[in-house]
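This report refers to the structure that appears directly beneath it.
Heavy-atom basis, side chains included; hydrogens, waters and symmetry copies ignored.
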Amino acid sequence: MTLMSSQRRRIAAGALLAAATMVVTTACGGDSGGDTGGKGKAGAAGFNAAVNKIASPSDKKGGELKFIGSQEADSWDPQRGYYGFVWDFARYYTRQLVSFKAEPGAASTELVSDLATDTGKVSADGLTYTFTLKDGVAWEDGKPITSKDIKYGIERIWAQDVISGGPIYLQQVLDPKGEYKGPYKDTSADKLGLKAIETPDDKTIIFKLPVANGDFLQMLAMPAASPVRQDKDTKAKYGLKPFSSGPYKWDSYTPNKAMKLVRNDKWDGKTDTIRKALPDTISVTFTTNADDMDNRLVEGEYDLDLNATGVGAAARQKVLQQHKDNVDNPQTGFIRYAVFPQTVIPNIECRKAIIYAADSKSLQTARGGPQAGGDIASNMLPPAIKGADPKADPYGKLAGAPDLAKAKEALKKCGKPNGFKTTIAVRNNKKIEIATAESLQQSLKAVGIDAQIDQFDGAQTSGIIGSPKVVKDKGYGIIVMGWGADFPSGQGFLQPLVDGRFILQSGNNNFSELNDPAVNGLFDAALKETDPDKAGELYKQINTKVSEAAVYLPFTHEKNIIWRSSRLTNVYTADAYNGRYDYASLGVVK
């Protein structure tokens with residue numbers, strides 16, 4: 001997830017919850033340079049006032065919550081979206097059997113019932129999960145949401161030839177042999193032929209796993225497990241106007257320009273303990289000018305950045321010096337990195353040369369330094385994941401300086417002593433990523449590696465870098481990207497990136513196309529392990545093998561400087577959403 005993308009979680013939840021401290025912060029009266037827009041204000045609550053605690057708590061309804069973003073969704077279709085901000089925003093118009101608790105910080109990682117009456121009845125062998133739907137849950141036209149709607153929505157994940165992209169965990173877990181062909185090729189009369197899910201009546205849904213998976217409930221909390229009603233399924237066009245099961249419904253949408261959600265009057269708040277549904281309307285404006293977006297946020301024209309990727313370099317100093325009470329600086333759980341497609345750079349020593357030649361300190365600076373960019377990362381597991389070791393540094397990246405001698409030695413071994421040419425792919429609407437690519441380009445020049453930068457349309461990610469064929473055809477030897485865990489385990493973070501069975505022909509996230517039987521086998525063993533510590537040891541081994549394959553160059557464990565409008569109420573960061581604000585809890589002062 002990108003989409004994307006360290007939130008929807010489980011394994012670390014117990015330890016995290018025990019450590020979570022929740023402090024409620026009331027709005028401060030003295031606005032030392034807060035935003036200037038809006039007639040009413042909750043007030044600038046102070047620096048980091050919403051990090052793991054509530055700033056400006058309120059249950060008042062009304063007004064328009066105004067998002068602005070420089071990145072469109074990969075898709076608003078719940079089965080297709082993989083960007084992290086999409087998963088957060090999708091709760092306005094989707095519901096799941098279970099979801100994350102509406103609380104700040106680590107407490108948000110606890111799973112609670114949503115459409116279901118509880119978090120399910122699980123058989124002793126961990127293979128059968130049974131849920132009963134609540135009374136009164138309805139679609140936007142008032143018709144009841146049924147177990148068959150949930151089954152059909154999940155079945156859509158199998159239709160990767162029609163609605164490509166999105167997480168495929170449920171497909172892997174429920175149908176590991178790939179026997180089901182998806183609802184659009186389903187020959188059964190009701191198009192509900194997936195054998196692993198049973199719907200004995202409209203209120204009961206039963207999942208039968210061929211192999212136990214300790215993270216299964218986490219998968220059911222993803223938007224990909226949202227119900228979709230067959231008669232409202234427009235297939236590849238569904239993301240243009242999803243049919244709502246949540247508190248808001250779609251009013252208007254012009255891709256790459258604007259969208260608006262309004263209240264769904266068929267949603268019954270008595271059935272929903274998660275979504276506060278405070279604003280009357282929710283609007284989103286898209287812009288290609290990130291600097292202009294930051295200025296408009298500071299001026300009070302909008303309330304927050306939809307993408308939550310942080311204030312850009314041009315506005316950062318002004319924001320921190322003059323408007324610090326409107327700023328939060330949370331950890332995001334993301335790792336920002338470069339990844340090397342093996343179809344373009346097949347020689348491992350050539351890939352090692354890139355890693356050794358990279359200047360970690362320069363890359364960190366390009367991303368905004370320790371405060372705005374985060375700590376230097378040396379391997380591909382974030383600290384909160386069981387099995388992570390932030391000190392594991394096989395290529396000496398924590399020193400912050402390139403190792404030119406080892407880079408040149410690796411170039412000799414790969415048969416390119418004078419370097420080689422390649423292309424860095426980077427999203428054109430992410431200035432920080434472009435700056436990162438330019439930093440890497442400069443570092444590589446020192447050893448003769450000529451890396452040209454190709455900026456692609458960030459809104460077309462799944463069809464460009466997400467297409468192995470396009471990557472090979474364009475010669476993308478280096479891709480700049482980032483990733484946050486789909487849920488807090490090695491499975492939730494690493495599997496989409498490095499398990500060969502997750503390679504897709506469109507919407508792919510295993511950009512390196514790593515398909516190592518040893519890595520795949522370690523995943524199989526870890527998924528069956530019910531002891532988080534033992535599973536963590538297996539994920540540690542996977543992480544080591546990934547480092548040995550030299551297919552990733554991690555940059556930073558990300559931190560962001562996030563703007564918080566003075567109009568916003570009930571604001572807090574949630575670990576369940578990668579340190580972003582819990583969008584479904586936000587309100588505004590009218």
* Asked: Between Asp141 and Arg229, is there a side-chain N and carboxylate O pair less than 4.0 Å apart?
  -> yes

* Heavy-atom pair with the smallest gap, counting every atom of Ser585 and Ile274 -> OG-O, 4.4 Å

* **Backbone of Ala44 reached by a side-chain donor or acceptor of Asp325 within 3.5 Å** => no

* Asked: Of all heavy-atom pairs between Thr119 and Val98, which one has the smallest distance, and what is that distance?
  -> CA-CG1, 3.8 Å

* **Nearest atoms (heavy-atom pairs only) where Pro78 meets Thr94** => CB-CG2, 4.1 Å

* Go through the steps to decide whether Tyr248 and Arg263 satisfy the test side chain to side chain contact (heavy atoms under 4.5 Å, CB included), and finish with yes or no. => CA-CA 4 Å; Tyr248 296 91; Arg263 288 195 183 277; 4.0 Å; yes

* **Whether Arg564 side chain and Val327 backbone form a donor-acceptor pair below 3.5 Å** => yes

* Could you give me the CA-CA distance, side-chain angles and deciding distance for Ser565 and Asp303, then say whether side chain to side chain donor-acceptor pair (under 3.5 Å) is met? => CA-CA 5 Å; Ser565 162; Asp303 296 311; 3.1 Å; yes

* **pair Arg95-Arg275: side-chain heavy atoms closer than 4.5 Å** => yes

* Between Tyr93 (side chain) and Trp76 (backbone), is there a donor-acceptor pair under 3.5 Å? -> yes

* Side-chain (Glu198) to main-chain (Lys195) donor-acceptor, under 3.5 angstrom -> no

* **SB check Lys590 Asp280 (cutoff 4.0 Å)** => no

* side-chain contact (heavy atoms from CB on, under 4.5 Å) with Val311: which of Ile562, Leu297, Asp294, Val298? -> Asp294

* For the pair Lys203 and Asp135, find out whether any cationic side-chain nitrogen is under 4.0 Å from an anionic carboxylate oxygen. => yes

* Please determine, by modelled atom types, if Gln71 and Asn307 share a side-chain donor-acceptor pair under 3.5 angstrom. => no

* To do: Could you please spell out the steps behind the side chain to side chain contact (heavy atoms under 4.5 Å, CB included) verdict for Thr132 and Thr117?
  => CA-CA 6 Å; Thr132 302; Thr117 56; 3.9 Å; yes

* Structure fact -> With Leu586 as partner, the option from Leu65, Thr569, Asn570 fulfilling side-chain contact (heavy atoms from CB on, under 4.5 Å) is Leu65

* Do Arg80 side-chain atoms and Gly166 backbone N/O form a donor-acceptor pair below 3.5 Å? -> no

* Do Leu304 and Trp563 come within less than 4.5 Å of each other through their side chains, counting heavy atoms only? -> no

* Structure fact -> Value for CD1 (Ile150) from CG (Leu97), rounded to nearest 0.5 Å, stands at 4.0 Å

* **Pairwise side-chain contact, Tyr129 with Ile205, heavy-atom cut-off 4.5 Å (strictly under)** => no

* Asked: Does atom NZ of Lys191 have more than 12 heavy-atom neighbours, drawn from other residues, nucleotides or ligands, at distances under 6.0 Å?
  -> yes

* Output the distance between atom CG (Asp305) and atom CD1 (Ile68), rounded to the nearest 0.5 Å. => 8.0 Å

* Over all atoms of both residues, closest heavy-atom pair of Asn52 and Gly105 -> OD1-CA, 3.2 Å

* Starting from the C-alpha separation in whole Å, work towards a yes-or-no answer on side chain to side chain donor-acceptor pair (under 3.5 Å) for Ser147 and Asp201. => CA-CA 7 Å; Ser147 58; Asp201 57 59; 5.4 Å; no

* Asked: Atom OG in Ser108, atom CD in Glu103: separation rounded to 0.5 Å?
  -> 8.5 Å

* To do: Supply the atom-to-atom distance Gln96 CD to Arg91 CZ, rounded to the nearest 0.5 angstrom.
  => 9.0 Å

* To do: With the side chain counted from C-beta on, respond yes when Gln491 and Met219 share a heavy-atom pair under 4.5 Å apart, and no when they do not.
  => yes

* To do: Please find out if less than 6.0 Å separates the ring center of Tyr583 from that of Tyr577.
  => no

* May I ask you to check whether Phe334 and Phe493 place their ring centers less than 6.0 Å from one another? => no

* Asked: Would a 4.5 Å heavy-atom cut-off, applied to side chains only, mark Ile282 and Phe89 as touching?
  -> yes

* Structure fact -> Between Ala212 and Asp125, the two heavy atoms sitting closest are CB-O, 3.9 Å

* Structure fact -> Here the gap from Asp328 atom CG to Lys559 atom NZ, rounded to the nearest 0.5 Å, amounts to 11.0 Å

* Asked: Hey, mind stepping through Trp139 and Lys266 against side chain to side chain contact (heavy atoms under 4.5 Å, CB included) and telling me if it holds?
  -> CA-CA 7 Å; Trp139 291 102; Lys266 305 302 181 185; over 6 Å; no

* Please answer whether the main-chain N or O of Gly153 pairs with a side-chain N or O of Gln79 as donor and acceptor at a distance below 3.5 Å. => yes

* For Tyr152, does its backbone N or O pair with a side-chain atom of Gln230 as donor and acceptor, under 3.5 Å? -> no

* Full working for side chain to side chain contact (heavy atoms under 4.5 Å, CB included) between Tyr238 and Phe243 -> CA-CA 8 Å; Tyr238 192 70; Phe243 199 62; 3.6 Å; yes

* Heavy-atom check, side chain of Asp186 versus side chain of Tyr180, under 4.5 Å -> yes

* **Check: Asp486 and Pro496 side chains under 4.5 Å, non-hydrogen atoms** => yes

* Sub-3.5 Å donor-acceptor pair from the side chain of Asn48 to the main-chain atoms of Asn329, do we have one? -> yes

* Salt-bridge contact Asp272-Lys134 (side-chain N to carboxylate O under 4.0 Å) -> no

* Is any side-chain heavy atom of Lys276 less than 4.5 Å from a side-chain heavy atom of Pro247? -> no

* Evaluate the ring planes of Phe207 and Phe131, with Trp represented by its six-membered ring, and classify them as parallel (under 30°), tilted (30 to 60°) or perpendicular (over 60°). => perpendicular

* Euclidean distance, Thr199 OG1 relative to Asp149 CG, rounded to 0.5 Å -> 10.0 Å

* **Pair Ser489-Tyr539, side chain to side chain donor-acceptor pair (under 3.5 Å): steps then yes or no** => CA-CA 8 Å; Ser489 74; Tyr539 292 127; 4.6 Å; no

* In plain terms, say whether Asp233 and Arg156 are close enough for a salt bridge, that is, a side-chain N and a carboxylate O under 4.0 Å apart. => yes

* Asked: Minimum heavy-atom separation for Gly182 to Trp158, with atom names?
  -> CA-CB, 3.6 Å

